[in-house]
Structure formats: C-alpha cells, structure tokens
Amino acid sequence: MDRIKNNKTIISIIKQKSFILLGMGLGAIFWILESALHAFIFHEGNLINQIVPSNPHELWMRLVITFLFIMFGLYAQYIINKRKRAEKRAEHISQELDQIFNTAADGMRLIDKNHTILRINDTLANLIGINKDEAVGKKCYEIFHGPLCHTNICPLARILNGEELIEFDAEKERNDGLIIPCTVTATSFRDPTGELIGIVEDFKDISERKRAEDALRLERDNLINILSSMEDGVYIVDREYNIQYINSHLKRQFGPVKGKKCYEYFHERREVCPWCKTPHVLAGKTVRWEWYSIKNKKTYDLIDTPLRNPDGTISKLEIFRDITEIKKKEEELEKYKHQLENLVKQRTAQLTAINEQLQQEIVERKKAEEGIKLAYAELTQIFDIIDSGMCVIDKDFNVLRINETLAVLLDINKDKVIGKKCREVFPEYICHSINCPLTSIINGEERTEVYLELQDRNGAKIPCLLTTTAFHDPGGELIGILVNFKDITELKKREEERQKIQKLESLGILAGGIAHDFNNLLTSIMGNLSMAEIFAKSGDDVFEILKGAKKASKQAKKLTHQLLTFSKGGEPIKKLTPISELLINTTSFALSGTKAKCAFSLPDDLWWVEIDEGQIDQVINNLIINADQAMPEGGVVEVGAENVIVNKQDNLPLEDGKYIKISITDQGIGVPEEYLQKIFDPYFTTKQKGSGLGLAITYSIIKKHEGYITLKSGEKVGTTFSIYLPAIEKQIFAMEEVVEEIIDSGKGKILFMDDQQNVRDTVGEMLNYIGYEVEFANDGQEAIELFKNAKESKNPFDAVILDLTVPAGMGGTEAIQRLIEIEPDVKAIVSSGYSNDPVLCEYQQYGFSGIVTKPYEIKELSEILHKVIISGHGVKK
C-alpha cells in the first residue's frame with residue numbers, strides 16, 4: 001500500500017512538473033541533434049566528441065539554447081498553474097453563487113434574449129410549484145405564461161429596448177390554483193464585456209403585505225361606511241379649528257366644507273365662537289350641550305369628546321343629533337298636561353256636585369222615616385255591588401262601612417273591620433306611601449284624589465285612583481269621609497295604547513317625508529350605478545366596486561320601505577303567502593354567523609295568511625335579532641306556528657275568527673317587569689346600541705295587518721313573543737317568477753316630469769341610452785304645456801312619466817286628468833318615492849297605464865316603457 005501511495009505521489013509530482021521536464025527534454029534532444037549534425041553531416045568528429053564539443057563557443061551556444069528550453073518549460077508551467085488556480089477559484093465562487101441563488105428568500109430566474117430559461121432557483125420553483133430541472137431550457141412564456149407575454153410591456157422586451165431596471169406587481173398562479181401576489185424586479189444580465197445576455201427577474205412574495213393592506217383598507221372602509229350611514233352628524237376638528245372629517249349627514253344639512261374653519265362652516269363667523277367647547281375637549285374633557293342653529297333653524301344635542309391621533313395630538317370629535325322634533329313634542333306634551341289638568345278640575349267639580357246631591361238625598365231620606373229602611377237597603381246593595389272599592393270613615397278615622405269590592409281588593413273580612421281605625425284596616429304600604437288624604441279632609445279640603453297601586457293576595461299590583469270626599473250634616477258640619485278605590489287597569493291600558501298609537505302616527509309623518517326624499521336621491525344613485533355597470537367590463541376592479549355600491553343602494557331601498565311603514569300611506573301590500581317558508585328563511589338568515597341555534601315547530605297543515613311579505617319579514621327579523629342579543633353566550637331560539645281560533649273568551653283585542661299564532665321564544669336574560677309596558681314604545685330601548693325603533697316598527701306592522709302581538713317574559717326566564725295574524729284556510733300553489741336581466745331598447749319620444757334636477761339628469765341619461773328622445777318638465781303645469789305643443793306640432797310624445805308628488809306645484813294626479821282631456825289615449829306612467837301611496841295601488845283608476853316606484857334602475861325603466869308603448873299597457877312594479 002505504501003508503495004502504491006509513493007507511486008501516486010511521484011506521478012502527481014511529475015504531472016505538476018510536466019512542463020519543466022518537457023523543457024529539459026527538448027533541450028536534451030536539441031543537444032543530441034546538434035551533435036549528430038556536426039558528426040555525420042559536417043564530419044567534424046565522432047558523436048561522442050560532438051556531445052561535449054571542444055569549441056567553447058559551440059558549447060556555450062548549446063547551453064544557452066538548452067537553458068531557454070528549460071525556461072520556456074518553467075514559464076509554461078507557471079501559466080498552467082495560474083490558470084488552474086483561477087479555474088479552481090472560479091469553481092468555488094460558482095458553487096457559492098449557486099448556493100446563494102438557490103437559498104435566496106426571493107424567487108429568481110435567468111432568461112436569455114430568446115426567452116429561453118437559463119436558471120431557476122429553489123425558492124421560485126417552490127413558490128410556483130414546478131420542477132426547475134424540467135423548466136430549464138424551455139421558453140419562459142411556456143412555463144410562466146401571463147398577461148404580459150407577447151406584448152410590448154414584457155419585461156424582457158423592455159430590457160432589450162434599453163431599460164435597465166423594471167419593477168411591478170403581479171400575481172402568479174401555482175399549479176394547485178393558489179394565487180401568489182408578488183413584486184417583480186427585472187434587471188439586465190450581461191457578460192464581462194457588457195454584451196446583453198438576457199434578464200434576471202426577482203419575485204418577492206408579498207402575500208402578508210397584501211393581506212395587511214386589504215385588512216387595513218377594509219377597516220378604513222368599514223369606518224367610513226359606519227360614519228357615512230349614521231343618522232347623526234359627525235365631524236372632527238383639529239387645534240386650529242380646521243375640519244379634518246365630516247360625514248355625509250352634516251354635508252346634506254350644512255352644504256360642502258371647502259376648507260372652511262368650523263366656526264365659518266356652522267356659524268358663518270370670522271372668528272372663534274365665544275361659546276366654543278373645543279379648548280375643554282382638547283384638555284381631555286367630554287362635553288354635552290344643546291345648540292340652536294340659526295343657519296337651518298334646528299336644535300341639536302351635541303356631544304364633544306377628545307380624539308387622540310396616532311402622533312399623540314388630540315382632536316375634537318363632535319356628534320350632532322337633531323332634537324328639533326323632540327323639542328316640539330315636549331311643547332305638545334306640556335300643552336296636553338295643561339289640558340288634562342283642566343279636565344281633572346272639571347271632573348272633580350262634577351263629582352263634587354254629584355256628592356253634594358247625594359248628601360242632599362240622604363238628608364231628605366232622613367226626613368222621611370217611613371222610607372229609611374228601604375233606602376238603607378237600596379244604598380247597602382248599591383254600595384256592595386259597585387265595581388269600585390268603597391268605605392265610609394268617621395272624622396275619628398273609625399271604619400263605619402266597607403263594601404265587598406274593597407274587601408276583595410284588600411283581602412279582608414269586612415264584618416271584622418267595622419269600628420277599627422282605618423290604619424289597622426288598610427295595608428301598611430298604603431298609609432306610608434302617600435300623604436294621608438283623610439287628614440286633608442279633616443283639615444278642610446272637600447275632595448282629594450291620588451294614584452296608588454294595591455297588591456292582591458298573589459302580590460300583583462293593581463293601579464287604583466283613590467278618591468276621598470267629605471260628608472257634612474245639614475248644618476255643614478263634617479260627619480264622615482267616603483273613600484273610593486277605583487280599579488283603573490283598563491283605563492290605563494287604553495290610555496297607554498292611545499299614547500302609543502299617537503307616537504307612532506307622529507313618527508310616521510316624519511318617516512314618510514324622509515323616505516320620499518331619500519327615494520329621490522336613490523333614484524339618481526341607482527340609475528347612475530346601473531349605467532356605469534353597463535359600461536364597465538366584467539372582471540375589472542371598477543365593475544366589482546359598482547356591484548358593491550349597487551348592493552348597498554338596494555339595502556338603502558329596503559330601509560326606505562321600513563320607514564314607509566310609519567307613514568300614512570304605509571299600508572301593507574298584501575298577498576296570500578305560506579308562513580312556514582318565510583319563517584325558516586328569515587330566521588336562518590338572521591342567525592347566520594351567531595352563537596345561537598334555532599329549533600322549528602311548523603306543522604304541515606298551517607293555514608295561509610294574507611300579508612306584506614317584506615313587512616312581516618322585517619317583524620320576524622327584528623324579533624330574532626332581539627332573541628339572539630338576549631343570549632350573548634348562545635342558546636336555542638324556538639320558532640313555532642299553529643292554527644288557532646280566537647273568540648271572546650280569549651280576552652284578546654281581535655275579531656273572532658281564524659288566526660295563525662307565531663311564537664318566538666329565547667333562553668335569554670328576560671325583560672324586567674317595569675319595562676313590559678314600554679317595550680313597544682318608539683325610541684325605548686335597554687341596549688347601549690340601537691335606535692329603539694325595532695319593536696315599535698314591529699307593533700305598527702302587526703297593527704296594520706289587523707293582528708296582535710303579546711309579550712311574556714321575566715328576568716332570567718327568557719322571553720316569548722306571540723303574534724296573531726288573520727288566516728285563510730286554503731292552499732295556493734305559487735309559481736316562481738323568473739326575471740331575465742335584459743334591457744329593452746326602444747325608440748320614440750318621452751316626456752319626463754320631476755321636480756328634482758338630479759333625478760331628471762339621471763333618468764334622461766338612462767332614456768337616451770335605451771334609445772328614446774326625452775324632454776323634461778319641472779311640474780305638472782309645464783308638462784301639460786309641452787304635451788300640448790308637441791301634439792299641435794304633429795310630433796307628439798309616445799309616453800309620459802309623471803312624478804306623483806311635487807311640493808308647491810302640480811303633481812302627477814292632477815296632471816294626468818288634464819292630459820287625458822288633451823289626448824284620451826295618452827300613455828302615462830306614474831312614478832313616486834311613496835311606494836305605498838294609494839294612487840300606486842290603483843293607478844289604472846286614475847288614468848295611468850303603468851307605474852314605476854322610486855328608486856329604480858335602467859332595467860326597470862326600459863321594461864315598463866316597452867310594455868306601455870309596445871304592448872299598450874303597464875305592469876304593476
């Protein structure tokens with residue numbers, strides 16, 4: 001083994017010195033050839049003598065040439081060794097570059113000028129999900145095909161055209177379909193001489209950054225949407241009183257900001273308001289105050305609170321709530337209070353007169369001794385059977401008489417309390433809860449009246465009106481006191497019901513006006529969105545944005561429908577409906593994404609109901625949301641329905657007949673007893689969030705459906721809402737309506753009347769796009785003139801669209817009658833923001849051929865015009 005090792009060492013040394021030995025060999029060969037030449041050719045002696053020449057000059061010449069051969073070998077060996085060291089270093093550097101290239105955090109690839117893939121690192125191969133060895137040598141557009149391939153903006157094409165660095169964002173699709181967002185950097189790739197070989201592309205995975213940006217964008221959009229959709233005004237001002245943000249609610253009330261200071265925008269002042277609360281807020285305090293705006297004649301409840309900015313500074317956030325109507329209601333309540341006080345005084349006077357008359361009759365009966373027993377018996381009978389609890393007490397507070405009604409109310413034996421002091425007979429909580437009215441009678445008052453609550457044997461509270469009246473003898477001396485406990489439970493219920501209805505009617509007037517104006521705005525918004533959606537390309541970002549805006553507009557359309565529930569024209573548009581499907585769909589949708597579950601109990605033989613599906617859907621949705629919010633940790637919401645027959649024995653405020661009873665039961669915290677009578681009042685709520693209108697709307701809808709809603713609840717025992725709806729005992733099979741999304745083009749001349757400029761502009765663009773010529777009128781009078789002139793000029797209108805309501809002008813109802821006088825066959829379409837107006841329900845009786853309710857899109861407009869003009873009649877929308 002040692003021998004073999006030594007031989008290998010010798011061979012290695014020989015290889016390393018090969019060029020030196022070569023030089024020495026060449027020198028030796030030259031020496032021998034030179035000696036042979038002189039010996040055999042020139043005959044200058046024998047070969048041995050010529051190998052070592054005697055001529056010094058010849059010897060030195062051979063030595064020099066041999067030395068040169070050896071030096072040549074040395075130099076050649078030096079060059080070869082230097083090249084090998086360079087190659088070895090280059091190989092080492094190449095290995096390092098390969099390792100760096102393959103382990104780089106970013107994906108990288110090299111492409112030559114002919115689009116051929118030279119190299120791909122492991123990161124890019126894993127990112128895209130390909131085999132890098134199979135990809136090398138193929139064209140880049142075969143492996144990484146994308147929208148830039150074969151275009152002038154291809155990174156390779158741009159580098160070949162002279163650019164050195166290109167950076168752009170792109171999305172790469174993996175083999176498994178996963179989309180990877182990347183930042184791509186392309187640079188030129190040149191050889192040492194500067195000759196362009198191709199490009200180097202670097203792919204940086206920016207998925208996390210994209211997700212963070214999308215989350216931040218979503219959070220910002222949600223915040224802006226929340227602030228924009230608030231019914232209250234919101235704005236933010238900095239230390240220099242510059243308005244940093246203002247929501248759309250305030251812009252609608254006060255106009256555009258245009259870089260104004262807050263005191264310029266709201267108060268039209270040139271300097272800071274002396275009552276300004278901003279310094280207090282910037283010092284960290286929250287201030288609540290009331291302000292009357294001279295600019296728009298409204299009263300606002302303002303909340304100013306500090307808002308800390310990311311840089312540590314503090315701005316002021318102010319919330320505007322319009323309380324103008326609340327102030328008016330307070331004034332009305334004060335007026336009602338005075339009226340009620342006057343009514344009480346009148347009633348007191350009447351009762352006093354009756355009492356005096358009764359005393360006079362008693363005196364007269366005393367004079368007639370023969371009729372005393374009969375009169376006493378009659379008085380005793382009346383006293384005992386009267387529905388008010390009554391007792392007679394002398395001026396020493398001894399109980400003289402007590403009737404059966406009061407004995408039942410107080411749960412006492414009336415025979416055992418005669419002669420006792422009244423404080424021993426009446427419960428302690430009565431004597432201690434009010435100033436004794438008996439003492440007031442003793443002190444000279446003729447009559448007193450106070451409200452109190454009695455408790456029956458089960459602890460239930462009974463509202464009563466306690467009236468005490470003085471008894472005098474013929475000489476005017478006080479001889480006793482009549483105490484009357486009148487159960488006013490039913491009277492109180494009727495009064496509460498009247499007040500509740502009065503509140504809803506007042507709220508309905510406001511809601512109807514808001515819904516009408518909002519529908520006008522939505523007509524312009526939805527019309528423009530539907531036009532923009534036509535011109536946008538499917539798949540573009542702007543197309544998706546338009547779809548989102550259109551969806552939000554449809555939600556706003558539903559909101560106006562809810563507001564119209566309160567308006568005088570908000571009667572439900574009913575149709576026969578099976579209730580089971582509506583209950584299942586609405587409940588499932590309302591509870592999606594919550595912790596609560598639902599259990600249904602819906603028999604197959606349920607009767608049908610004649611309802612407005614949209615309004616009843618809103619009722620069920622409100623009750624299911626309340627049930628879910630009552631169970632923050634989750635639970636089961638039980639939804640059931642059954643056929644019931646109501647009669648007088650049920651003590652329900654309903655006509656006798658057949659009803660569907662819907663029950664919604666939760667396992668939540670329940671409703672405290674003190675809130676049960678207020679639960680359906682407008683704006684009443686026990687929640688920190690919410691308007692308090694949900695159950696008020698529910699009550700109003702059920703009332704308009706000639707139904708009834710009840711509530712059974714208690715703290716920590718859950719809540720059950722029961723709804724009674726009139727039922728029809730028959731089955732009807734409904735056919736689903738298939739609506740195709742087609743815009744019917746048209747041709748002709750249209751007269752469009754609306755008092756809103758933005759509505760006229762938007763609808764005009766839609767009509768032009770459909771193919772119609774259009775002329776506009778601001779009100780009915782102008783429409784009549786245009787219609788008459790067009791007919792006289794032999795260029796009449798093919799159809800007329802009339803707005804139903806025009807403030808301070810002629811509306812569509814009056815205008816259509818005038819147009820019929822001019823042209824009996826006029827084809828007119830009625831349009832209104834009051835979607836439930838009686839005219840819309842019976843439009844043909846008023847002379848219209850069709851209707852289109854605001855807000856509407858271009859498809860609805862094209863469809864109704866096509867049916868009215870081509871078919872000669874309209875279809876109710």
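Since the structure is predicted, the reported quantities are computational estimates derived from the model, not experimental observations. One-based numbering along the sequence shown.
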Colleague: Does the distance from a Lys or Arg side-chain N to an Asp or Glu carboxylate O, for Arg321 and Asp232, drop under 4.0 Å?
Modeller: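 Salt bridge: yes.
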Colleague: Measuring from Thr698:OG1 to Asn626:CG, what's the distance to the nearest 0.5 Å?
Modeller: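 Atom-to-atom, Thr698:OG1 and Asn626:CG are 7.5 Å apart.
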Colleague: Could you tell me whether the side chain of Asn242 reaches within less than 4.5 Å of the side chain of Lys261, counting heavy atoms only?
Modeller: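 Contact flag for Lys261/Asn242 side chains = yes.
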Colleague: If we ignore angles and hydrogens, is there a donor and acceptor under 3.5 Å between the side chains of Ser793 and Asn795?
Modeller: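 Distance-only check fails for Ser793 and Asn795.
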Colleague: CD1/Ile829 to NZ/Lys867 distance, rounded to the nearest 0.5 angstrom?
Modeller: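 Interatomic distance, Ile829 CD1 to Lys867 NZ, rounded to 0.5 Å: 11.5 Å.
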Colleague: For residues Asp761 and Gln757, is any side-chain donor paired with an opposing acceptor at under 3.5 Å?
Modeller: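 Checked: Asp761/Gln757 side chains pair up, N/O donor to acceptor below 3.5 Å.
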Colleague: How long is the straight-line distance from CD1 of Ile616 back to CD1 of Ile662, given to the nearest 0.5 Å?
Modeller: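 Interatomic distance, Ile662 CD1 to Ile616 CD1, rounded to 0.5 Å: 7.0 Å.
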Colleague: Give me the atom names and distance for the closest heavy-atom approach of Asp798 to Gly748.
Modeller: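 Scanning both residues completely, I find the closest heavy atoms to be OD2-CA, 3.2 Å.
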Colleague: Is it true that a side-chain atom of Lys827 and a backbone atom of Ile869 form a donor plus acceptor pair closer than 3.5 Å?
Modeller: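 Yes: the side chain of Lys827 pairs with the backbone of Ile869.
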Colleague: Going from CZ on Phe254 to CD1 on Ile246, what distance comes out if it is rounded to the nearest 0.5 angstrom?
Modeller: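 If we round to the nearest 0.5 Å, Phe254:CZ and Ile246:CD1 are 8.0 Å apart.
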Colleague: Crowded around Glu706 CD? As in, over 12 foreign heavy atoms under 6.0 Å?
Modeller: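 Counting other residues, nucleotides and ligands, CD of Glu706 stays at 12 neighbours or fewer.
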Colleague: Quick check: do Ile864 and Glu860 have side-chain heavy atoms less than 4.5 Å from each other?
Modeller: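 Sidechains of Glu860 and Ile864: no contact.
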Colleague: Between Thr586 and Asn621, does any side-chain donor sit less than 3.5 Å from a side-chain acceptor?
Modeller: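 Looking only at side-chain atoms, Asn621 and Thr586 do not form any donor-acceptor pair under 3.5 Å.
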Colleague: Can you check whether Val759 reaches Asp803 side chain to side chain, under 4.5 Å on heavy atoms?
Modeller: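 No, their side chains stay 4.5 Å or more apart.
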Colleague: With a 4.5 Å cut-off on side-chain heavy atoms, are Leu819 and Leu802 touching?
Modeller: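 Yes; the side chains approach each other to less than 4.5 Å.
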Colleague: Tell me, with the steps shown, if Ile770 and Tyr772 meet side chain to side chain contact (heavy atoms under 4.5 Å, CB included).
Modeller: CA-CA 6 Å; Ile770 296 170; Tyr772 295 104; 3.4 Å; yes
Colleague: Counting N and O atoms only, with roles assigned by atom type, does the side chain of Asn768 sit under 3.5 Å from a partner on the main chain of Gly764, one being a donor and the other an acceptor?
Modeller: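 Yes, Asn768 side chain to Gly764 backbone: donor-acceptor pair under 3.5 Å.
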Colleague: Measuring from Gln844:CD to Ser849:OG, what's the distance to the nearest 0.5 Å?
Modeller: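 So the gap between those two atoms works out to 8.0 Å.
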Colleague: Under 4.5 Å between any side-chain heavy atoms of Gln615 and Ile611, yes or no?
Modeller: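 SC-SC contact between Gln615 and Ile611 ruled out.
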Colleague: Tyr300 and Gln253: side-chain donor and acceptor closer than 3.5 Å?
Modeller: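 The answer is yes; a qualifying pair exists.
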Colleague: Check whether any side-chain heavy atom of Met810 sits under 4.5 Å from a side-chain heavy atom of Ile784, and report yes or no.
Modeller: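 The answer is yes, as the side chains (C-beta and beyond) meet within the 4.5 Å cut-off.
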Colleague: Check step by step if side chain to side chain contact (heavy atoms under 4.5 Å, CB included) holds for Leu302 and Phe320.
Modeller: CA-CA 5 Å; Leu302 305 180; Phe320 280 63; 3.6 Å; yes
Colleague: Looking only at non-hydrogen atoms, find the nearest pair between Val806 and Gly811 and report the distance.
Modeller: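 Closest approach of Val806 to Gly811, heavy atoms only: CG2-CA, 3.9 Å.
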Colleague: Say whether, by atom type as modelled, one donor and one acceptor occur between the side chain of Gln817 and the main chain of Tyr846 under 3.5 angstrom.
Modeller: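 Yes.
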Colleague: Could you tell me if the side chain of Lys328 sits less than 4.5 Å from the side chain of Glu325, heavy atoms only?
Modeller: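 Contact flag for Glu325/Lys328 side chains = yes.
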Colleague: A side-chain contact here means heavy atoms from C-beta on lying under 4.5 Å apart; do Asp301 and Ile326 qualify?
Modeller: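 No, their side chains stay 4.5 Å or more apart.
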Colleague: Give a yes or no on whether the backbone of Pro726 and the side-chain of His705 come within a donor-acceptor separation of less than 3.5 Å.
Modeller: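 Side chain of His705 to backbone of Pro726, a donor-acceptor pair under 3.5 Å: no, none is there.
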Colleague: With distance as the sole test, does Lys327 use its side chain to make a donor-acceptor pair with the main-chain N or O of Thr299 at under 3.5 Å?
Modeller: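 It does not hold such a pair.
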Colleague: Roughly how far, to the nearest 0.5 Å, is CD1 of Ile243 from CD1 of Ile236?
Modeller: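 Reported to 0.5 Å precision, the distance equals 11.0 Å.
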Colleague: Here's a test for you: under side chain to side chain donor-acceptor pair (under 3.5 Å), which of Asp754, Asn778, Asp755 qualifies with Arg760?
Modeller: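 The residue from Asp754, Asn778, Asp755 that satisfies side chain to side chain donor-acceptor pair (under 3.5 Å) with Arg760 turns out to be Asn778.
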Colleague: Return the minimal non-hydrogen interatomic distance between Ile820 and Gly847, and the atom names on each side.
Modeller: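 That closest heavy-atom pairing would be CD1-CA, 3.9 Å.
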Colleague: What pair of heavy atoms forms the shortest contact from Ala777 to Leu786, and how long is it?
Modeller: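 Closest heavy-atom pair between Ala777 and Leu786: CB-CD1, 4.1 Å.
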Colleague: Hey, mind stepping through Leu602 and Ile579 against side chain to side chain contact (heavy atoms under 4.5 Å, CB included) and telling me if it holds?
Modeller: CA-CA 9 Å; Leu602 304 171; Ile579 198 65; 5.9 Å; no
Colleague: What closest approach, in Å, do Met753 and Asp779 show between heavy atoms, and which atom pair accounts for it?
Modeller: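 It is CG-O, 3.3 Å.
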Colleague: Hey, what's the ring geometry for Phe266 with Tyr235, parallel, tilted or perpendicular (30° and 60° as the breaks)?
Modeller: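 It falls in the tilted class, 30° to 60°.
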Colleague: Under the side chain to side chain contact (heavy atoms under 4.5 Å, CB included) criterion, do Ile723 and Ile660 qualify, and how do the steps go?
Modeller: CA-CA 8 Å; Ile723 300 171; Ile660 290 291; over 6 Å; no
Colleague: What pair of heavy atoms forms the shortest contact from Ala790 to Phe797, and how long is it?
Modeller: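 Reported closest heavy-atom pair: CB-CE1, 3.4 Å.
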